[in-house]
Amino acid sequence: MTTNRLSPTVASNTVEETFDYVVVGGGSAGAAVAARLSEDPNVTVALLEAGPTDVDKDVVLQLNRWMELLESGYDWDYPIEPQKNGNSHMRHARAKVLGGCSSHNSCIAFWAPKEDMDEWEKLGAQGWNAESTYPLFKRLETNDQATGEPGDIHGDAGPVHLMQIPPKDPCGVALLEACQQQGIPTVQFNTDETVVKGANFFQVNRREDGTRASSSVSYIHPILDRENFTLLTDTWVKEILFDDDGGVPRATGVSVVNNAFGRASAIRASKEVVISAGAIDSPKLLMLSGIGPAEHLQEHGIDVRVDSPGVGRHLQDHPEAVIAWEAKQPMVEDSTQWWEIGIFADTLEGSGASDRPGRPDLMMHYGSVPFDMHTLRQGYPTSDNTFCLTPNITHAKSRGTVRLRSRDYRDKPMVDPQYFTDPDGHDMRVAVAGIKLAREIVAQPAMAEWAGEELFPGKDVQTDEQIADYVQRTHNTVYHPAGTVRMGAADDVMSPLTPDLRVKGVQGLRVADASVMPELTTVNPNITTMMIGERCADLIKAG
Ligand SMILES: Cc1cc2nc3c(=O)[nH]c(=O)nc-3n(C[C@H](O)[C@H](O)[C@H](O)COP(=O)(O)OP(=O)(O)OC[C@H]3O[C@@H](n4cnc5c(N)ncnc54)[C@H](O)[C@@H]3O)c2cc1C
């Protein structure tokens, strides 16, 4: 274990310590929870992170190096189960380092649309509407678009720095012009207007000097000296501990190891345990601790503490297709993070037919790097000088599961996103529409100086059936799993959490991370996940 205030390395792992609050997982949400809770000097807070610290680690801290972290030692790197309609080769990157996925993501920073937040409340998450959550988005950010004027929605005093990417990439600038020629206007993101049709360079959570404004950099680095805050990195929680005597079980702490063969020790919480291990590891940890679908736990010989059938269900993601062109001119050799532009649109699915009017059903990222990780093995040509568009489905209807492989905490869980299995085929229709729209944009005059040969899927792939077949074999993910421990109404048995993030059936235990989302956000969810951490701390402080 490494700590911020004890000796840097604790040789023996048999220490037992007690804190008021124990937060498990120092990722996007967990770091925010721990930092906000420890603002009160009268409570003690421990933040437990399985991965190492990010302090002084350039490869983690420098945003433009983020792709070096995929499938590296900082990645839990979860394979997925064989997919009936999707790409079984896909892997789910999940960061194993302080800051969690905010330490290895591309830092595209979005406020969730108001409609998303209001929908959460409609789905049973009472109190999570736009009116009550937007002040938290404002509180967490220092936005370079903030004016300081009365009525400005942006924050200028929060821990997380958001900045507009400067339009330096000439291919990207041409692409925006092509979007306009195609009828997609250039718009500013992160105003309080939801962008249904529009494109621009992103806002990113990054500092001027190129350092990512991860949750670690933003919330934890500034408080490492805080007396009542203890950071334990390289500390892997294998189980939640409970007092089961006398009625409703109460979470009393966690059992931890500092390596895969280590002897376990206990870290106790006198008030509450908060699980913030992310959308794959939070359900895993709950199930290892006896909270989950009874039949599944019994199958693995785990005593059932709470039969909660919704744990590990409703796995939702943003699956993405990819289309790439050889570039006629040299592509940029430096970039903020290589994926600088977003394009939103409503496809035929979205106009009128959508069950989410006022929100786009399609989003694309523009990448200035070769992105052939799922096409090369399928035989498509590649090149080092390429650009690509990656249409993703903003509200995919397919739902998957996270299940235990065994009762051994060291085993990677079984992640089965069940991509493109929604019965009415919505997800594939949007993906196919996305590939077609990408082609229309790149065929505009503004891209004539840039667009060379379409490398994949290529000119021979034209019919909807051909495009769908290509997408099925080569799609990736935007890496946004969510919803696997969702919050919902008290009487909704498929929602393991109440709207105040408490785990139903036990006391002293909450979950705060992307797993709690009743529905994945239309946009990239990292800033919303930090907001969940902020709100969790508020809920705990409110008692
Ligand atoms: C490659 C990639 C790129 C992305 N790009 C973007 C982007 O540009 N913009 C955006 O908005 N979103 C992006 N995302 C998604 C976004 O980063 C995540 O949705 C968000 O970080 C999830 O936060 P979380 O708090 O739920 O979990 P995490 O941030 O994953 O935090 C979970 C933490 O818990 C730790 N942990 C897990 N199990 C245990 C255990 N048993 N004991 C102790 N610690 C444990 C993990 O090591 C991790 O640090 C990206 C994600 C990935 C993977």
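Counting convention: from 1, in listed order, for ligands and their atoms alike. Along the sequence shown, the residues carry numbers beginning at 1. Small disclaimer: the values here were computed from a predicted structure and weren't measured.
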Original post:
So, Asp20 side chain and Lys271 main chain: donor-acceptor pair closer than 3.5 Å or not?
Top reply: no
Subject >> Whether Val97 lies under 4.0 Å from ligand 1, heavy atom >> reply: yes
**OP:** Only heavy atoms count here, so choose which of Asn105, Leu232, Leu63 is nearest to atom 50 (C) of ligand 1.
**Re:** Asn105
Subject >> Part of His480 within contact of ligand 1 (heavy atoms, under 4.0 Å) >> reply: side chain
**OP:** Give a yes or no answer on whether the side chain of His314 reaches the backbone of Arg486 with a donor-acceptor pair at less than 3.5 Å.
**Re:** no
Subject >> Donor-acceptor under 3.5 Å (Arg36 side chain, Lys541 main chain) >> reply: no
**OP:** State plainly whether the residues Asp427 and Lys397 are in salt-bridge range, i.e. N to O under 4.0 Å.
**Re:** no
Original post:
Which of the atoms in ligand 1, numbered in the order shown and given with their element, are less than 4.0 Å from a heavy-atom of Ser102?
Top reply: 21 (O)
Original post:
Ring centroid separation for His475 and Tyr419, is it under 6.0 angstrom?
Top reply: yes
Subject >> Distance-only N or O hit between ligand 1 and Ala95, under 3.5 Å >> reply: yes
Original post:
At under 4.0 Å between heavy atoms, which part of Trp339 makes contact with ligand 1: side chain, backbone, both or neither?
Top reply: neither
Subject >> Any residue meeting salt bridge (charged side-chain N to carboxylate O under 4.0 Å, His left out) with Arg207, in chain and number order, not counting sequence neighbours >> reply: none
**OP:** Have a look at ligand 1 and work out which part of Ser515, if any, has a heavy atom under 4.0 Å from it: side chain, backbone, both or neither.
**Re:** neither
Subject >> Numbering as shown, the atoms of ligand 1 that approach Cys107 to under 4.0 Å (heavy-atom distance) >> reply: 7 (C), 8 (O)
Subject >> Under 4.0 Å to a heavy atom of Gly100 - the qualifying atoms of ligand 1, by number >> reply: 29 (O), 31 (O), 48 (C), 49 (O)
**OP:** Give the numbers and elements of all ligand 1 atoms closer than 4.0 Å to a heavy atom of Lys96.
**Re:** 47 (O)
**OP:** Determine whether the side chain, the backbone, both or neither of Ser276 has a heavy atom under 4.0 Å from any heavy atom of ligand 1.
**Re:** backbone
Original post:
Taking both backbone and side-chain atoms of Gly51, is any N or O found less than 3.5 Å from an N or O belonging to ligand 1?
Top reply: no
**OP:** Would you check the N or O atoms of Gly30, main chain and side chain alike, for any that come under 3.5 Å of an N or O of ligand 1?
**Re:** no
**OP:** Say whether Pro525, considering both its backbone and side-chain N or O atoms, lies within less than 3.5 Å of an N or O atom on ligand 1.
**Re:** yes
Original post:
For ligand 1, which part of Lys284 has a heavy atom less than 4.0 Å away: the side chain, the backbone, both, or neither?
Top reply: neither
Subject >> Check: Arg305 side chain, Gly292 main-chain N or O, donor-acceptor pair, under 3.5 Å >> reply: no
Subject >> Arg94 neighbourhood, listing ligand 1 atoms whose heavy-atom distance to it stays under 4.0 Å >> reply: 53 (C)
Original post:
Near Trp236, which atoms of ligand 1 are under 4.0 Å from a heavy atom of that residue?
Top reply: 40 (C), 41 (N), 42 (N)
Original post:
If you measure from each non-hydrogen atom of Asp281 to ligand 1, which part falls under 4.0 Å: side chain, backbone, both or neither?
Top reply: side chain
Subject >> Aromatic centroids of Phe202 and Trp339 separated by under 6.0 Å >> reply: no
Original post:
Is there any N or O on Glu49 that sits under 3.5 Å from an N or O of ligand 1?
Top reply: yes
Subject >> Sole candidate of Lys412, Arg403, Arg405 that passes salt bridge (charged side-chain N to carboxylate O under 4.0 Å, His left out) when paired with Glu81 >> reply: Arg405
**OP:** Look at ligand 1 and say whether Thr235 reaches it with a heavy atom at a distance under 4.0 Å.
**Re:** yes
**OP:** May I ask you to check if ligand 1 and Cys101 share an N or O to N or O distance below 3.5 Å?
**Re:** yes
**OP:** Output yes when a side-chain donor or acceptor of Ser38 lies under 3.5 Å from a complementary backbone atom of Val45, and no otherwise.
**Re:** no
**OP:** Using a strict 4.0 Å cut-off to heavy atoms of Thr529, name the atoms of ligand 1 that fall inside it.
**Re:** 23 (O), 24 (P), 25 (O), 26 (O)
Original post:
Would you call Arg399 and Glu519 a salt bridge, taking side-chain N to carboxylate O under 4.0 Å as the test?
Top reply: yes
**OP:** Before signing off on this row, confirm whether Leu285 and ligand 1 have an N or O atom pair separated by under 3.5 Å.
**Re:** no
**OP:** Could you tell me whether Leu70 approaches ligand 1 through its side chain, its backbone, both or neither, with non-hydrogen atoms closer than 4.0 Å?
**Re:** side chain
**OP:** Could you tell me whether a side-chain N or O of Gln203 sits under 3.5 Å from a main-chain N or O of Leu162, the two making a donor and an acceptor?
**Re:** no
Original post:
Ignoring hydrogens and geometry, is there a side-chain-to-backbone donor-acceptor pair from Arg212 to Val60 under 3.5 Å?
Top reply: yes
**OP:** Give the atoms of ligand 1, by number and element, whose distance to some non-hydrogen atom of Gly278 is under 4.0 Å.
**Re:** 26 (O), 27 (O), 32 (C)
Original post:
So, the side chain of Arg510 versus the backbone of Leu501: is there a donor-acceptor pair under 3.5 Å, distance only?
Top reply: no
Original post:
Under the 3.5 angstrom rule, does the side chain of Asp317 hit a backbone N or O of Pro319 as a donor-acceptor pair?
Top reply: no
Original post:
Does an N or O anywhere in Ala514 fall below 3.5 Å from an N or O of ligand 1?
Top reply: yes
**OP:** Check whether any N or O atom of Asn526, backbone or side chain, sits under 3.5 Å from an N or O atom of ligand 1, and answer yes or no.
**Re:** yes
Original post:
Backbone or side chain, does any N or O of Trp76 fall under 3.5 Å from an N or O of ligand 1?
Top reply: yes
Original post:
Testing Cys107, Ser218, Ser214 for side chain to side chain contact (heavy atoms under 4.5 Å, CB included) with Ser102, which one passes?
Top reply: Ser214
